[in-house]
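Everything on this sheet refers to the single structure shown next.
Sequence lines set the chain letters: A, B, ... in the order given, protein chains first and strands last, and positions in each chain run from 1.
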Amino acid sequence: MNAPNESQKRIAGTLEGFLVVDAGPGTGKTRTIVERFVNILEKGVSADRVLLLTFTRNAAEEMKERIKNALAEIYLSCGSERRRAVENASKVLQTGTFDSFCHTIVTEYPEAISRFFGIDGKLSRGAVLSENETLNREYFNDVADRFLFDRCGDYGDAEAVVSQHIGDAYTAINAMMSAGIFPLKKGWFGSESDPLTGDAEAVADKLRRNREMSNKKEYRLPKDVNQVFKDIGIERELPTDSPLPEDVITEAVEDDRTDLFRVFHDLYYHYIKRSVEDDRLTFSLTSLFAFVVLYSEKGIREGMSFDYLMIDEFQDTDSNQLRMALMLLDRPNLCVVGDWKQGIYGFRNAEIENMTEFHERVPGMISELNDDTERVRYRVAEEDIKKMHLDVNYRSSSEIIGCAYRSLTVRASSQEELDTERIRGLVGPDVYSDRDGAIGDRSHVRFVKADNVSEETEEVVRRILDYATGDGYGILCDDGTFRRPSFGDIAVLCRGTRACIEIYEAARGRVPVFMQGDMEIMSTREGKLLLAWLKYVNNRNDRWGLSAILSDTNLAPREVRSVMDGMRSDDRCVPEMIREQRDYLRRKRRRITELVTSVFSLYGIDNDISHAITSVVSSAHRNSLLTISDIIRMMESDISNGTRYRVESVPDGEAVIIQTIHKSKGLEYPIVMIPRVDSRVFPSTVSDRSAFLFDRDTGLRCTKELYRFGEGYAKIDRSWKTHLVKRTLKKEYDEERRLLFVALSRAKQYVTVSASDPSFFFKELSGGESVPSGLIHPGEAEVRKESPARAPDVGRLPPRRLNVGVHDILRFGDDEPGGEPRTPTAASADAMRFGTAVHECAERMVLGKEVEEEYPQIAVVRAVLDSLEDASEMIPEIECALPFNDLNVTLRGIIDLLVLYPDRVEIHDWKTDRTRDFEGEYMIQLSIYAHAASGHYGLPAVCCIDYVTLDEQHRFQPLPEEDIATRVRDYLEAL
DNA sequence: CACTTTCCGGTTTTT
DNA sequence: CCGGAAAGTG
């Protein structure tokens with residue numbers, strides 16, 4: 001890369017004070033942060049006094065790498081005296097995610113939290129951070145149910161609404177945590193009055209302003225209220241020829257919410273208390289508790305402090321995090337970097353206002369934090385805060401930048417609004433392109449309108465082919481020349497996962513394509529075919545299974561039906577080939593992993609999804625001796641619950657990537673396609689259905705209200721007051737526009753935006769100028785139309801790559817490879833169950849969790865773990881894969897325990913055997929793991945079989961890979 | 001043309 | 001069950 005530009009230099013050189021850096025897309029943000037970080041160290045500041053916080057692990061890792069590299073360069077160019085300091089600095093770099101930092105604080109000082117809240121119980125050092133939001137909701141639900149039951153009748157009308165909408169209460173409480181609002185045993189933190197009231201004056205003001213802005217002839221707001229009155233059946237009407245009367249504004253804004261606040265206070269406090277007592281943390285609780293520790297304990301706060309702090313992606317912070325940042329500093333040296341235009345995490349309570357209103361928020365926060373005692377030991381006035389700007393875009397052509405900025409621009413309806421936008425740097429790009437000279441005219445932004453969704457999907461595929469194979473496109477290389485685009489240069493960015501999947505499915509088999517993200521793998525063709533075969537193999541009379549199998553062949557629907565009808569008597573009407581396949585598969589019914597891979601190889605299916613399914617099924621099977629019917633049940637429940645699994649990402653660089661816009665943040669591609677910019681889809685019109693509204697200005701409000709009609713008759717219906725207040729929240733720039741901005745600004749040279757039912761985003765952006773679909777005809781030879789699903793043919797279709805379970809190639813005496821497996825006896829089933837139990841305990845122990853079971857084997861495991869104390873990392877139950885490319889086979893298995901040392905990896909495997917009869921086989925097993933791990937980490941591996949029943953260990957060097965290959969060959973022979 | 005009624009579709013996700 | 005947009009109405 002070339003030398004830093006002026007603004008990058010200025011920012012990297014401004015080391016002291018408070019600094020906000022507005023860094024538009026592609027402006028060299030990471031580089032500037034790295035440079036600034038290094039500059040601070042160069043000044044002689046000790047590396048442990050500088051902290052860099054980010055939001056994702058990836059970003060944290062990348063930063064660390066790049067800082068280390070920069071330091072390494074310095075190292076080479078300086079004298080021996082400085083060398084040691086530089087070397088040392090690179091070891092103690094303080095970079096990490098906000099959440100991991102908070103987690104450290106909380107687990108290190110758990111007693112501070114109980115002390116602060118006045119709770120008897122306390123979090124342990126090993127408190128579990130429950131990442132699964134579904135389970136967290138369930139936990140809250142249980143806690144709240146119980147609580148409301150115990151306090152039945154204490155909270156008047158509010159209680160009814162809360163108990164009917166516990167999930168919504170959880171959401172609202174999480175939003176409060178992010179906003180830094182939380183209950184004390186009595187009252188609320190940091191305020192005499194109720195912090196949930198909001199800013200009544202501000203809301204009233206907005207309602208009045210709204211009145212002025214309304215259409216001269218008719219007044220919108222009174223009409224709106226009348227509509228609600230009508231909907232809920234209240235006989236009341238406001239005059240629509242006059243503005244909203246002041247007394248109505250007052251009535252709406254100053255609605256009495258004391259019961260609602262009381263129930264939330266008590267429930268919120270109770271939830272905190274129970275979580276502490278049950279030793280349960282969520283990400284939100286961790287963040288809140290970290291604040292509490294820093295706030296309440298002077299010693300900890302000072303011990304944790306830094307002289308310099310930098311925060312990346314600052315638009316993703318919430319206010320709790322900002323306040324923590326202020327307390328973490330010993331001196332006023334805070335540099336925040338981000339781009340509010342890329343703030344797309346509002347649904348996670350991130351506030352772009354932390355960035356846009358940084359100047360106003362910070363001084364206020366500091367004085368609040370210093371309310372009773374000095375917690376922030378420096379002063380920052382609004383005018384001390386410097387604002388700098390990265391303004392050169394090194395990524396995109398100016399056509400693309402212009403388009404991206406236009407996507408943000410809203411038709412400002414007043415001069416005042418326009419001015420606000422100008423201040424925010426919105427009217428016209430605040431960034432200019434550096435690429436135009438190099439790119440020249442090899443850039444475009446195109447708009448395509450298709451007649452319907454499937455036609456649009458087709459069009460996307462066509463255009464992918466055109467970009468990758470057609471003439472007239474050139475991708476700029478580092479040396480300034482152009483090359484033909486390849487599939488790997490193209491990204492398809494969608495608003496939602498659904499669209500991603502649909503486009504992925506349509507493109508698969510025709511274009512090399514790769515989808516990133518979790519998928520409902522069991523609902524795919526692969527999943528359903530497998531399910532169908534499992535059912536049919538399990539039971540020859542399974543009608544659903546057979547009909548699904550038949551429907552995937554090229555039999556006409558009529559023929560399928562006649563077969564199904566014939567099924568009522570016997571299965572002679574089933575095509576012979578299918579029956580043969582069933583017999584072939586049935587022989588493998590006890591080797592689930594093999595059965596699964598065989599089903600897929602019948603169809604020649606070997607892709608990300610089939611891999612993911614294979615690994616889910618085989619690990620479920622491995623963990624608890626499942627039968628075919630258990631697997632069937634699991635798959636069926638996954639289908640009906642819409643369970644998503646991570647699909648292993650093997651981007652080979654030459655495949656089109658399909659991902660959501662959210663996932664694309666921070667990435668760049670030469671060619672970007674943005675499909676489905678349709679009405680209701682993008683911008684998404686999913687409305688807030690929550691029973692509670694929580695916002696800085698409006699405070700906490702209930703969207704429902706209990707209406708009483710005379711004699712004891714009452715009903716819960718929407719609250720007209722909250723409805724009115726909600727209208728003040730309508731933001732001019734909503735997240736959807738920023739999402740479009742993110743999508744467009746990923747592109748370096750070419751963009752195609754398409755729609756079948758254009759939304760107003762599409763219309764606005766294209767200016768009504770779009771091209772119909774179907775104009776592009778990529779060479780037919782290139783279009784490998786997926787042949788209509790062929791009937792599976794046994795044997796003739798060699799599997800392209802076979803996934804083989806490690807256990808499949810091991811020989812345990814009575815089990816001939818490829819033959820019928822030994823029949824599980826009651827005794828051997830028991831032994832396996834015991835083995836599984838020991839493995840589970842061992843896993844928990846590695847993770848530092850309590851283990852209740854106490855038998856001799858556990859003590860042995862503990863002794864082994866204790867002997868590994870100087871390891872840099874211990875990973876239990878990790879999946880591994882060892883490819884044999886010449887054999888077209890990948891061996892897959894799960895390592896019981898992988899121990900990482902700086903210079904080697906150690907593979908451990910727990911064995912509950914009473915003899916060492918199978919040692920030879922186990923050595924092969926561990927050797928496979930060792931080669932896989934060794935390849936992954938680039939370190940030599942050592943194997944160790946831990947016989948926990950015998951209390952013996954067998955350490956050895958892995959057997960040569962060739963020995964394993966021989967086994968694999970034998971296995972393939974026998975197939 | 002302006003307003004009302006009916007209809008439709010239905011997220012994003014790191015730590 | 002809600003809000004946006006198409007269809008329906010005067």
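Heavy-atom nearest nucleotides on DNA chain C were determined for P758(A) and for K704(A), and the one closer to the 5' end corresponds to K704(A).
Rounded to whole angstrom, the span from the CZ atom of F761(A) across to the P atom of dA5(C) amounts to 11 Å. The distance between atom NZ of K726(A) and atom C1' of dC1(C), rounded to the nearest whole Å, is 11 Å. N349(A) has its CG atom 13 Å from the C1' atom of dT14(B), to the nearest Å. Atoms CG (D168(A)) and P (dC2(C)) sit 12 Å apart, rounded to a whole Å. As a whole-Å value, the separation of Q321(A) CD from dT15(B) P is 13 Å. The interatomic distance linking D99(A) (CG) with dT14(B) (P) rounds to 12 Å, in whole Å. Separating the CZ atom of R57(A) from the C1' atom of dT15(B) is a distance of 6 Å, rounded to the nearest angstrom. The interatomic distance linking L493(A) (CG) with dT11(B) (P) rounds to 19 Å, in whole Å.
Taken residue by residue, residues 675-685 of chain A places heavy atoms nearer than 4.0 Å to DNA chain C at R680(A), T685(A).
As rounded to the nearest Å, dT11(B) and dC2(C) have C1' atoms that lie 15 Å from one another.
Separation of the F55(A) and F98(A) ring centroids falls under the 6.0 Å cut-off. For H662(A) and Y345(A), the ring centers sit closer than 6.0 Å to each other.
Interface remark: the R498(A) side chain does not form any donor-acceptor pair with the dT11(B) base, using a distance-only criterion of under 3.5 Å. Between the side chain of R495(A) and the base of dT11(B), a donor-acceptor pair under 3.5 Å is found.
Taking only side-chain atoms of E736(A), from C-beta outward, the nucleotide of dT14(B), dT13(B), dT11(B) with the closest atom is dT11(B). Listed nucleotides dA5(C), dT13(B), dG10(B) differ in distance to F760(A); the shortest reach to its side chain belongs to dA5(C). Here the side chain of R689(A) is nearest to one of dT14(B), dT12(B), dG10(B), namely dG10(B).
Within 4.0 Å (heavy atoms only), T497(A) reaches sugar-phosphate atoms of the nucleic acid but no base atom. Within 4.0 Å (heavy atoms only), R718(A) reaches sugar-phosphate atoms of the nucleic acid but no base atom. Note on F55(A): only backbone sugar-phosphate atoms sit closer than 4.0 angstrom, heavy atoms only; bases stay farther off.
Salt bridge present: K665(A) and E313(A) bring a charged side-chain N and a carboxylate O closer than 4.0 Å. Using a cutoff of 4.0 Å between basic side-chain nitrogens and carboxylate oxygens, E764(A) and R737(A) are scored as salt-bridged. Salt bridge E61(A)/K64(A): absent, no basic N to carboxylate O contact under 4.0 Å.
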Test log, rule ring pair (Phe, Tyr, Trp, His ring centres under 6.0 Å), inputs Y405(A) and F741(A): CA-CA 7 Å; Y405(A) 274 82; F741(A) 178 82; 5.2 Å; yes
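A pairwise comparison of heavy atoms in A755(A) and E456(A) identifies N-OE2, 3.4 Å as the closest pair.
Within the cation-pi definition used here (under 6.0 Å to the ring centroid, within 45° of the axis), R701(A) does not qualify as a partner of F692(A).
Proximity of T660(A) to the phosphate of dT13(B): a side-chain N or O atom is located under 4.0 Å from OP1 or OP2.
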